K.L.:
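This is the structure I want to talk about, given as structure tokens.
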Protein chains: 2
Amino acid sequence: MSAKKTEDLELIRSVLEELTAKWALLVLNVLCDGPARFNALKRANPGISQKALTQCLRRLEAAGLILRTVVSTAPVAVVYEVTPLGASLEPHTSGILDWSLRNREAILAARQASRGREGRDSL
Amino acid sequence: MSAKKTEDLELIRSVLEELTAKWALLVLNVLCDGPARFNALKRANPGISQKALTQCLRRLEAAGLILRTVVSTAPVAVVYEVTPLGASLEPHTSGILDWSLRNREAILAARQASRGREGRDSL
DNA sequence: CCGTATCCGTTGGGATACTG
DNA sequence: CAGTATCCCAACGGATACGG
């Protein structure tokens, strides 16, 4: 059973708030493979804008899931990496990503099926 | 390693699009405990509005993760339940919820810590 | 290279009132 | 009971331009 208390739900909601950004799980997942720099993350997520990536990183950082380190070299380098807390979340986040790939066919089929049911009433 | 192809990322993104609604995971999780009706789901998620719940359910239904059944009794009854596909996702979604509860202290501490680092530069 | 600032469209979602 | 309809605001996020 999973009868949860209101306070529990509030905590869960706050966590979800941090994870349900459009690119959060993807970015987090990339970082779980090892530290990466800003443009590397951008390249790893085709379609994300730098603003979205920045926002996303800031949120994950505020959540304590990733760590941001500025290396004061000539052209500044910024390295992002997961914190232990972020790493502990990895099995669950990557689980969803893996699930997506493993069930690709079933997912697409299910979408088709539910679309087919849309106009089922009168026919 | 998790070097993913662009097409894979697109699939993953589309799945995330379905799951990153504010209440999606919570609703899905409740339904994984067994079929439930509209108002039961509403009661199980304090703070959700009927509009948000409706939207959320419609999206999950379109994704083929849940099934909506109308029972034509006196005052109409509508039952929602997970599909096999939705059920197969359950371990991963509930994993995140459980993680939130198990790591409550660490999560709150990490948020505090990152907040503390905000004004670290000049001090 | 790694951002921030601005503009701006789209979407999510809360409140409320109404319907079969 | 289970929605739909409307209004309305805030937030997300893309594009672009600029700064350290």
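Just so we're on the same page: letters track the sequence lines, and every chain starts at 1. As a basis for the values below, the full set of heavy atoms in this structure was taken, side chains included, without hydrogen atoms, waters or symmetry mates. Treat the numbers as computed from the prediction; the structure is a model and nothing was measured.
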K.L.:
Looking at B/W23, does the NZ or CZ of A/R13 lie under 6.0 angstrom from its six-membered ring centre and within 45 degrees of the ring axis?
P.N.:
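Because its charged atom sits under 6.0 Å from the ring centre and within 45° of the axis, A/R13 does stack over B/W23.
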K.L.:
For B/R37, which residues count as a side chain to side chain donor-acceptor pair (under 3.5 Å) partner, sequence neighbours excluded?
P.N.:
none
K.L.:
For A/I48 and D/dC12, give me the distance from atom CD1 to atom P, rounded to whole Å.
P.N.:
14 Å
K.L.:
Determine yes or no for a side-chain-to-main-chain donor-acceptor pair under 3.5 angstrom, with A/S114 supplying the side chain and B/A62 the backbone.
P.N.:
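Answer holds: yes.
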K.L.:
Can you check nucleotides 18-20 of chain C for protein contacts, nitrogen or oxygen pairs under 3.5 Å, and list what you find?
P.N.:
none

K.L.:
Could you tell me how far apart B/R37 (CZ) and D/dG3 (P) are, to the nearest whole angstrom?
P.N.:
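For the pair B/R37 CZ and D/dG3 P, the rounded distance is 10 Å.
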K.L.:
Rounded to whole angstroms, how far apart are CG on B/L53 and C1' on C/dG14?
P.N.:
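In whole Å, C/dG14 C1' lies 13 Å from B/L53 CG.
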K.L.:
Quick check on C/dG3: is either OP1 or OP2 less than 4.0 Å from any side-chain nitrogen or oxygen of A/Y80?
P.N.:
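Yes, within the criterion.
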K.L.:
Heavy-atom nearest nucleotide on DNA chain D for A/C56 versus B/R58: which residue maps closer to 5'?
P.N.:
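So the residue in question is B/R58.
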K.L.:
Within residues 9-25 of chain B, which residues have any heavy atom lying less than 4.0 Å from an atom of DNA chain C?
P.N.:
B/A21, B/K22, B/W23
K.L.:
Could you give the angle between the helix axes at the two ends of the helix from C/dC1-D/dG20 to C/dG20-D/dC1, with five pairs per end, rounded to 10 degrees?
P.N.:
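Inter-axis angle at the termini of the helix from C/dC1-D/dG20 to C/dG20-D/dC1: 50°.
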K.L.:
Give the cluster check for A/V78 versus A/L31: same hydrophobic cluster or not, with ILVMFWY residues linked at side-chain heavy-atom distances below 4.5 Å.
P.N.:
yes
K.L.:
Produce the list of close N/O pairs, under 3.5 Å, pairing protein atoms with atoms of nucleotides 6-8 of chain C; give distances to one decimal.
P.N.:
unit_1 : atom_1 : unit_2 : atom_2 : d
C/dC7  : N4     : A/K51  : NZ     : 3.2

K.L.:
Residues in side chain to side chain contact (heavy atoms under 4.5 Å, CB included) with A/Q50, at least two apart?
P.N.:
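For A/Q50, the residues satisfying side chain to side chain contact (heavy atoms under 4.5 Å, CB included) (neighbours in sequence not counted) are A/F38, A/K42.
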